[in-house]
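What follows is a set of notes on a single structure, which appears directly below.
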Amino acid sequence: MLEGKHILLGVSSSVACYKAVELARLFQKAGAEVRVIMTKNAANLVQPLQFEAVTGNPVYCDIFNCRAPWEVEHVAMAKWGDVFVVAPATSNILAKMAAGIADDAPTTLYPAFPHTTFVAPAMHTEMWLHPATQDNIAILQKRGVRFVGPETGELASGDVGIGRMAEPEHILEAVMDFFAQELSLKGRCVLVTAGPTQEAIDPVRFISNRSSGKMGYAIAEEAVRRGAEVTLVSGPTLLPDPPGVTTIRVRTALEMHREALARAEKPDIFIFAAAVSDYRPEKPSEKKMKKTPEKMTLRLAPNPDIARDIGRKARPDQVLVGFSAETHNIEQSARKKMKEKHFDLIVANDVSSEGIGMGAELNAVVLLSPGGKPEKMGPAPKKFLASRILDKVAEVMNKKKM
Ligand code: C5P
């Protein structure tokens, strides 16, 4: 269940924080190791000793009173944790997390923590529904923070409404689902193409595009995290090889085609995230071309289509996922491409807006499957989208393998 998992439990000062003791106990019982990080106000409501008794670990509450002064405590804790669960989360802590304010133990840990964060809000209905809270929720959701609850029921004030912290069992369930999904690609083989290609005009010049490779690399990393064996065939990017991924660096579309097709037998899943140049200069000059006052014509030859060629030979149990970068008629063009290239899924990308899509940190996509309803995702960090895309891919794969 949660055997061997490291859970960081953030506790802020809602009256529901006594329930966090029960949550710590449930995590512990499910096999996880738990470390509690509290705000000082929460420590006035529930004695840290209670959490220490349940978890067997010291509680981290005072950022200026480290037990291990040779370590930067919040960074050491951030490295240790597999998941950060803030329960209960007050409107105050949600606001601080959204704004990046780090003035107590849990809010200092949050921006240092590189993996998934869950929050279980607990507050009065008016506070939950207030536009300030709702805006902060939207910011956190966009960033990939997962919300459990709040639930509707009796509140601390005696009123009945939305705002009750989700029951500890429900929070446990959400975290267990998350880890179960983590192994959704265990033992599967995944091939990802990513990045642009460069097509030589002469020894120093080339034709290329704005692709940074970030989306494909994020997918490769996420697939490894979910237990897959991943090969990444990448065009030139500035990104380091993702850990745990077999990365094959290529420059041209022809090289990418050769390397990907040579490995097309084994994968259960192909993800064609590369922005392959459609054309290459027909006869690149061997010497650097001289500048002349004349107009110049460059003859281009079409490049092979990697996705199409793999799709032609693919077995029925292999899952093919394509990308489609468009500036207009996004869904229509993506559906056409999906049909032509026999994709099981296509991730349609609107590359017309600044700061989103090609080369950017954020992406906004529509996920399409044959006959399926379009699913809009983002704008969100590419890492977050990678996870959502792989949820869908795992679903399609499981249907195919049944
Ligand atoms: O036709 P279009 O280039 O828009 O198709 C996009 C999809 O096909 C992407 O998944 C892309 O990685 C893949 N593709 C490819 N080889 C090409 C061109 C596109 O694999 N030469």
Side-chain angles (χ1 to χ4, degrees), residues 190-200 206-220 223 230-237 239 247-264 267 269-282 300-314 318-352 357-359 363-370 374 377 382 385-386 389-390 392-393 396:
V190 179
L191 187 136
V192 182
T193 68
T197 63
Q198 291 177 355
E199 311 297 331
F206 55 78
I207 295 176
S208 191
N209 57 63
R210 290 184 205 278
S211 167
S212 63
K214 283 178 197 149
M215 193 66 240
Y217 279 54
I219 290 178
V230 183
T231 303
L232 173 66
V233 183
S234 170
T237 70
L239 305 170
T247 305
I248 295 148
R249 300 270 180 178
V250 297
R251 188 168 290 280
T252 65
L254 286 176
E255 286 167 16
M256 188 177 274
H257 185 265
R258 187 184 66 226
E259 297 297 337
L261 267 89
R263 293 168 177 79
I269 299 162
F270 294 92
I271 300 189
F272 301 108
V276 185
S277 302
D278 290 328
Y279 296 93
R280 63 180 184 277
E282 193 172 45
L300 301 177
N303 270 326
D305 193 307
I306 301 160
R308 191 187 303 260
D309 289 350
I310 289 184
R312 276 197 189 120
K313 297 185 192 159
Q318 289 178 309
V319 177
L320 281 80
V321 183
F323 275 70
S324 156
E326 305 287 344
T327 50
H328 51 280
N329 284 345
I330 297 157
E331 192 178 326
Q332 202 182 348
S333 316
R335 285 213 183 271
K336 187 162 169 268
K337 233 167 265 179
M338 176 159 57
K339 202 163 168 202
E340 282 169 7
K341 302 199 189 187
H342 306 287
F343 290 149
D344 298 282
L345 270 180
I346 192 157
V347 185
N349 233 325
D350 180 352
V351 287
S352 61
M358 252 191 195
N363 206 359
V365 300
V366 181
L367 209 61
L368 299 162
S369 54
M377 296 180 185
K382 289 181 174 172
L385 290 180
I389 291 167
L390 287 182
K392 195 78 193 171
V393 171
V396 171

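All ligand and atom numbering here is 1-based and tracks the order in the structure. From a predicted model like this one, the values you see are computed outputs, not experimental measurements. The figures that follow rest on heavy atoms only: side chains count, while hydrogens, waters and symmetry mates do not.
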Minimum-distance protein heavy atom relative to atom 8 (O) of ligand 1: K341 NZ, 3.0 Å
Shortest protein heavy-atom distance from atom 4 (O) of ligand 1, along with the residue and atom involved: K337 NZ, 2.6 Å
Flag, side chain of R280 to backbone of L300, donor-acceptor distance under 3.5 Å: no
Interatomic spacing from CG in L368 to CD in E331 - rounded to 0.5 Å: 5.0 Å
Ligand-residue contact atoms, ligand 1 with A274, heavy atoms, under 4.0 Å: 11 (C), 12 (O)
Within reach of ligand 1, part of D305 (heavy-atom separation under 4.0 Å): both
Structural part of R308 in contact with ligand 1, heavy atom criterion under 4.0 angstrom: neither
E255 side chain to T197 backbone, donor-acceptor under 3.5 Å: no
Atom CZ of R251: over 12 foreign heavy atoms under 6.0 Å: no
Side-chain (S234) to main-chain (G195) donor-acceptor, under 3.5 angstrom: no
Identity of the nearest option to atom 21 (N) of ligand 1, non-hydrogen atoms only, from P304, S211, A253, A275: P304
For ligand 1, the portion of H257 having any non-hydrogen atom under 4.0 Å away: neither
Protein heavy-atom partner closest to atom 13 (C) of ligand 1 - residue, atom, separation in Å: A307 CB, 3.8 Å
Atom 6 (C) of ligand 1: nearest protein contact (heavy atom, Å): F323 O, 3.0 Å
Short side-chain to backbone donor-acceptor contact, Q318 and F270, under 3.5 Å: no
Exceeds 12 heavy-atom contacts within 6.0 angstrom, atom CD of Q332: no
Under 4.0 Å to a heavy atom of G322 - the qualifying atoms of ligand 1, by number: 10 (O)
Any S333 heavy atom less than 4.0 Å to ligand 1: no
Protein heavy-atom partner closest to atom 10 (O) of ligand 1 - residue, atom, separation in Å: F272 O, 2.6 Å
Enumerated ligand 1 atoms positioned under 4.0 Å from heavy atoms of V276: 15 (C), 16 (N), 17 (C), 18 (C), 21 (N)
Side-chain donor/acceptor of N209 to backbone N/O of A275, under 3.5 Å: yes
Nearest-neighbour protein heavy atom for atom 16 (N) of ligand 1, which is reported as residue plus atom name and distance: I306 N, 3.0 Å
K313 NZ to R308 CZ distance, which is reported to the nearest 0.5 Å: 14.5 Å
